[in-house]
Structures are given as structure tokens and as C-alpha cells.
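Encoded as C-alpha cells, the structure appears first; notes follow it.
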2 protein chains.
Amino acid sequence: MSGARVKKAPTIVEIAHELGVSPSTVSRAFTAPRLLKPETVERIRAAAAERGYVPNVHARALSTGVPRTIGLIVPDIANPFFPPMIRAAQRTAEETGHTVLIADTDGDVEREKRTIERLTAQSESLIIASSRLPSAQLCELTARRRVLFINRDEPETARILVSSRDALGQCMARLLELGHERFVYVGGPEGSWSDGERRGIVEESLAGSGATLESMRIPSGTYADTMAAADQILAGSPTAVVAFDDVIAHAVIDLLHDRGVSVPGAVSVVGCDDTVALTTQPPLTSIALKVADAARLAVRTVVEGQVSEMLTPQRIALQGELVERATVAAVG
Amino acid sequence: MSGARVKKAPTIVEIAHELGVSPSTVSRAFTAPRLLKPETVERIRAAAAERGYVPNVHARALSTGVPRTIGLIVPDIANPFFPPMIRAAQRTAEETGHTVLIADTDGDVEREKRTIERLTAQSESLIIASSRLPSAQLCELTARRRVLFINRDEPETARILVSSRDALGQCMARLLELGHERFVYVGGPEGSWSDGERRGIVEESLAGSGATLESMRIPSGTYADTMAAADQILAGSPTAVVAFDDVIAHAVIDLLHDRGVSVPGAVSVVGCDDTVALTTQPPLTSIALKVADAARLAVRTVVEGQVSEMLTPQRIALQGELVERATVAAVG
DNA sequence: TTGAAAGCGCTAACAC
DNA sequence: GTGTTAGCGCTTTCAA
């Protein structure tokens, strides 16, 4: 079996020859069937299917000048926040015959820049999620490229924000209603747009309520580092802990449990992203984000319109939904 | 800003004109610099860098006949087992200037077939992880393609197995040593190679030991379904539970806890994959698999050698390592 | 050491 | 409705 030859893919010309038609006719059978006699289309498609013909994307891209490829750049594919986004993007792209190229930057700015360069050359547009680039670089790099951002709120760009504003606001109101007076916000990575938004909402919601707020941050956002910050989190004897995301919330529940503090009996905990919410004990109250919707919308946006034109700057915020489970209760 | 034009990428011809050299010279500056006067190479590279020239992958692929693209097909990108594999594959592919196209099949056979067809056309080789295709179809589909499998042990193909054999065997021996006599194996998806391997090792290890084994399965492999199967899992009052993966192990720990059964005091639990091991209470004893190594090896294997030739059939098993944490103890 | 020219597989005017 | 032709950007003989 070793040494066997890989079968060369059949080309349009070969199919054309066999059928006694011209190459362009075969091409049209796939790209503009309505220009052909239905019968011809049938005949060609049948023959093509039989020989296992699949159009060569490179030839097509070269000929049309538009690579039907969309680059999707994420900081970390292993972060459970992104796979659903990637999935939705791919499924949506499929509908229009596009391919999504995934790239992972490790949250590293240099790598992000290089990735943008590289993908620019082979994609008709770029979708960049949670970009870490400083504004200046970002403007420069994207000045003459078709780029759409997800979760980066840079003015004058096309961007989609997966927002927790409404849901988190509602959640905070509920917590206040339940009599909570000492809050802790356990934030995530510095410079994350989501973290900024959430921190802001928590502050706004509490302003003038008489409740106290302790605001802190777990830069790595990991379970282990959150556990390690237990003392700091519990320093002010909070009655409610709002976590940047579900991973942190999960750790908070566990550290509370370690100290014999009942959740939600003594302390209420809320997470965000709804990624692990069903695997905590008790099940975590969290905010389900419109990640898949954002990806779908992103792909549809970049796919429509002339690829030779920049995207129209606009800001779209998709509001998530509060999912009430079992980690929130009245104080006391 | 809307309506602004996307900058057209500079081509080899433009650079050649500006420098007063021929297009082939510019091409050679990138593909065969040793054929050129070092000084010329320098001049060309500088000019190219300045204009932001990046070779057009499509043109290159068309011209050389080899698309420097590797297709990587996984059942579910959201399964925490795969992102580290994807990451490692991409980083390795980068080294040789290759691009990895990720596709997700949803564990669906039809979709897997379509994906293989589609990727074949634009990749020089395919890496397929945890393929669900029946053997016959798999042989047919792969008969004349450059394909390498990960975690699918089909004879006469090139395959890499991320094995837990040694580590799990060692773990079982340890459990026996500690006096365990009633075991449950809580398996995963039907047809998974990993599940078959693990189930087999558990059976072999216990054969002739006098210990009893209850073997079951959570087809979906989810936390929720595992919780729901609590009665079945605990029916035989096991002293040790071996789980197909960490997600199931996590659920087992939680359901044991719900019933007031101490881990590892009364029951020992071991997981596999080492994906969530650090976020359980107590920390889960698990098996760290060589997933990233497998991906690296897979990419290196498909990248080397003539792309016109099939891969040499071979079977490589990469052994994982037992990571002892806190969910295993002596019986009693 | 460099240039000229052909051609990869496909699409898109433009003919017929 | 279908065929002819030119060309997308690049690599690669073959000549010089």
C-alpha cells in the first residue's frame, strides 16, 4: 500500500472532454446553472459526481479574485467561550460556500498581529474576537482591511458585542431586592471588554443603593488562581459574589464550600457565560450569552456586500439572558 | 469611511516592476533564494516587506499543485479533549508554512463524509480524529487519499492512538493493591475507540483478581446524563469507580457527594483525559493523555514525504501518564 | 545570476 | 445555450 499514488483530482477540462462539451459549460453547470439547458446541467452534474469532481478552491479564488474564506481569530480556542462561536461561524459560512479559517493567538499581541497579516492574504474578510491589540495598532492594521470585531468596542469599526448588560442589571436588581448589602465583583483578565462592561454594570447598579462593593480581579481567570485568592474574596464577608465568568464562579462556590459557607444560604453567587453552569453544586445562576448569534451575524455581515469595500462601521450589542438556577437566595 | 476601498494586495509583478527585475526573480527571492545574488534577495525582500507583500496562497497552490493546507477533522470542537489537539496541530503546521483547516462533524457520519470530500479538494492531507465512519466506508473514502487517523485503530491505515493502556493498567493495579473488590466502569460513547480500549483494560486487569466488575455506559457522555444514572452506577455498592473521562468522573464525584458518600473515603474515583481534573473537589486522579504530542506527530508525518504518495500504514500508540491526586484511597 | 514564457484550474467577457 | 479566449498570481523549466 505504501508507495501507492494519490488519485489526482479530476478537473473541469477532463469532465468537459468526456462529455464533449466545453470547459466553460461545465463551469457554468456549477456557478450559473440557470444559463444552461436544465438537461445539460443534469448530465454534467451526474458525470462530475460520478468522477468525484470537486471544484478546486484555489483556481476558483485566483480566477474570481475573491477567496471564499473568512478568517476567524480568537485568543484561545481552549477557552470554552469560543468553541460555540467557532461552530456557529462555520455552520453559517457553509451556507454560502465559504470556509472559515480558525487562528488562535494565545492572547499574545505580537502573534495576533502576525496572524492578521497572514490571514489577510488568504481571506476576503476577518472576524477578530476579543482582540488584545492597543487601539492605535488596531486602527493601523485594520485601516484598509475588511474586519469585523467581536467583543471589542472600538469606535469607527464594525463590531458586535456579546453583552450581559441587560441581564446582569436585572440580576443585580434582584440581588438588591433580596436584601444583599455586601457585594464582591471577582473580575477577569485586564483589558477584556467583557470584564469592563460587567464591572461597570455592577458599579452602576449598586450606586446609591447603600450596598458596599469590593472589586477585584483574577488576571489569569483560572479556577486554581481563584481558589488561591479565597482570603481576598471573602475579606469583607460578602453576601453576594458576582463573578466575571462561570469558571471563576465555580471556584468561588467550591472555596465557599471548603470553608463551610452555604451557597446560597449564606452567600449568593452568580456567574456569566453559562458554560459550566450545570456542573456546579448547586447549579449556578448565570447569564447565557448570545455567542452563537453573534457568530452567525458576524459571518452574514462580512459575507454580504462587495468584498472590495470596507465594512460599514457600526455597533451591535446582543443582549444575553439571565438563567436563574440555584445559587441566589435572600440574604440571611 | 463606508464605501472606502480595501487595499488590493501587491503582487509579485508590481514589486518586480518597481525594482526593474523580472517576476521570476522576485518569486525566487522567496522560494529559492540561494539561486540569487544575496544582495538581490535583500533588495527584493526589503521592498516586499515595505509594500506589505504576502504571497497569494491560491496562486501558489495552483501553480505548484500542492496546497499547503492540512485538513483536521474532529467530531466536536466544543469537547475539551480537542482544542489542545487543534492548537498543537496549528503551531506545528506553522513551522513548515502550512495552514490547518479545522472542521467539526458533530459526530455525524453523513457530515463526516461530506467534510472529507470537501476538505480533500483543498488540502494536501487529512488528519481525522475519532472517526465515526464504519470501516467499509472508511476504506472506500480513504483508499486514494492521504489520510492519517487519530484514535481510530483501523488496520492498514496510518494511525496514531492516544492510549491510556499503560497508565490505566497501572492505576487498576494500584486500586487492587489498595484492596478494592467491587468496581464499576462508567463508559462513554458507543463506538469510541478510547472507550473500547479503556473498557478492555479494566476487564483484563480485573480478570482472575476475584474482584467484581459492573460495566455500563453513558452514551452522551454528559454530566447531566451521568447524574441521572446515579442509581445504576451505585447499584452494586462499588468501592471504586473508573470513569471513561473526567466529565463523567466529575459527575460521579458530585452524585456520590449528594448521597453523603465520601470520596475517596468510601469510594475511589478515577477519570481520564485530565481535562477538568483540577476543578473537582477533591482533585481528581486522572490520566493525562499525549494529545498535543499526537497532533504534532500527526502533522509532521503528513507534512513530510511526497504529497503525491499515500502515507505508510502504521500504528503508533502514545502512552498517557497517571496523575495521582486525591480521589483514590485504600478501601474501607 | 537572471529573464522569458508556459501553464496550474477556473471564471467571465465576448462571440456565435 | 454554448464555445472561445484571456487572464487571475505564482512557480518553473529552458535560454541567455
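The shown structure was predicted, so the numbers you read here are calculated from the model rather than taken from an experiment. Every chain is numbered from 1, with letters handed out A, B, ... down the list of sequences.
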What is the distance, rounded to the nearest whole Å, between atom [atom1] of [X] and atom [atom2] of [N]?
| X | N | atom1 | atom2 | answer |
| --- | --- | --- | --- | --- |
| A:Leu62 | C:dC8 | CG | C1' | 9 Å |
| A:Glu14 | C:dG9 | CD | P | 8 Å |
| A:Lys8 | C:dG7 | NZ | C1' | 13 Å |
| A:Arg43 | D:dT2 | CZ | P | 8 Å |
| A:Asn56 | D:dC8 | CG | C1' | 13 Å |
| B:Lys37 | C:dT1 | NZ | P | 8 Å |
| A:Leu19 | D:dG3 | CG | P | 10 Å |
| B:Leu35 | D:dA15 | CG | C1' | 15 Å |

Problem set entry | B:Gly20 vs B:Ser63, nearer the 5' end of DNA chain C by closest nucleotide |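 It is B:Gly20, whose closest nucleotide lies nearer the 5' terminus.
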Problem set entry | base_contact_polar (D:dT4 base, A:Ser24 side chain, donor-acceptor, <3.5 Å) |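 Indeed, a donor on one side and an acceptor on the other fall under 3.5 Å apart.
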Exercise. Can a donor-acceptor pair under 3.5 Å be found between the side-chain atoms of A:Arg28 and the base atoms of D:dG3?
Worked result: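 Such a pair exists between side chain and base.
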Closest to the [X] side chain, choosing from [options]:
| X | options | value |
| --- | --- | --- |
| B:Leu36 | D:dT2, C:dT2, C:dG9 | C:dT2 |
| B:Thr11 | C:dC10, D:dG9, C:dT1 | D:dG9 |
| A:Ser22 | C:dC10, D:dT2, D:dG3 | D:dG3 |
| B:Ser27 | D:dG3, D:dT11, D:dG9 | D:dT11 |

For this session: Report which part of the nucleic acid B:Tyr53 touches: base, sugar-phosphate, or nothing (heavy-atom distance under 4.0 Å, all strands).
Result: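 The residue B:Tyr53 makes sugar-phosphate contact but no base contact.
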Exercise. B:Thr99 and B:Arg68: side-chain hydrogen bond (donor to acceptor under 3.5 Å, both in side chains), yes or no, with the steps?
Worked result: CA-CA 6 Å; B:Thr99 297; B:Arg68 306 206 105 201; over 6 Å; no
Could you give the side-chain donor-acceptor pairs of residues 7-15 of chain B under 3.5 Å, partners two or more places apart or in another chain?
residue	atom	partner	partner atom	Å
B:Thr11	OG1	B:Val13	N	3.2
B:Thr11	OG1	B:Glu14	N	3.3

Problem set entry | Pairwise side-chain contact, B:Leu133 with B:Ile116, heavy-atom cut-off 4.5 Å (strictly under) |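 B:Leu133 vs B:Ile116: side chains touch.
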Exercise. Does B:Asp104 pair with B:Arg111 as a salt bridge, N-O distance under 4.0 Å?
Worked result: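 Looking at B:Asp104 and B:Arg111, the cut-off is not met.
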Problem set entry | Pairs flagged by ring-ring contact (aromatic ring centres under 6.0 Å, His included) wherever residues 29-72 of chain A is involved - sequence neighbours left out |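 Applying ring-ring contact (aromatic ring centres under 6.0 Å, His included) to every pair that reaches into residues 29-72 of chain A, excluding sequence neighbours, yields A:Phe30-A:Tyr53, A:His58-B:His58.
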Problem set entry | Gap between atom OG1 of B:Thr69 and atom CD of B:Gln122 - 0.5 Å precision |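 Separation between the atoms: 7.0 Å.
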For this session: Using five pairs at either end of the helix from C:dT1-D:dA16 to C:dC16-D:dG1, determine the angle between the two local helix axes and round it to 10 degrees.
Result: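 Taking the rotation axis at each end, their angle is 30°.
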For this session: Establish, with yes or no, whether the OP1 or OP2 oxygen of D:dT11 is under 4.0 angstrom from a side-chain nitrogen or oxygen of B:Thr64.
Result: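 For D:dT11, OP1/OP2 do not have a side-chain N/O of B:Thr64 under 4.0 Å.
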Problem set entry | Result of checking B:Val162, B:Val74, B:Ile128 against B:Ile150 for side chain to side chain contact (heavy atoms under 4.5 Å, CB included) |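 Only one of B:Val162, B:Val74, B:Ile128 forms a side chain to side chain contact (heavy atoms under 4.5 Å, CB included) with B:Ile150, namely B:Val162.
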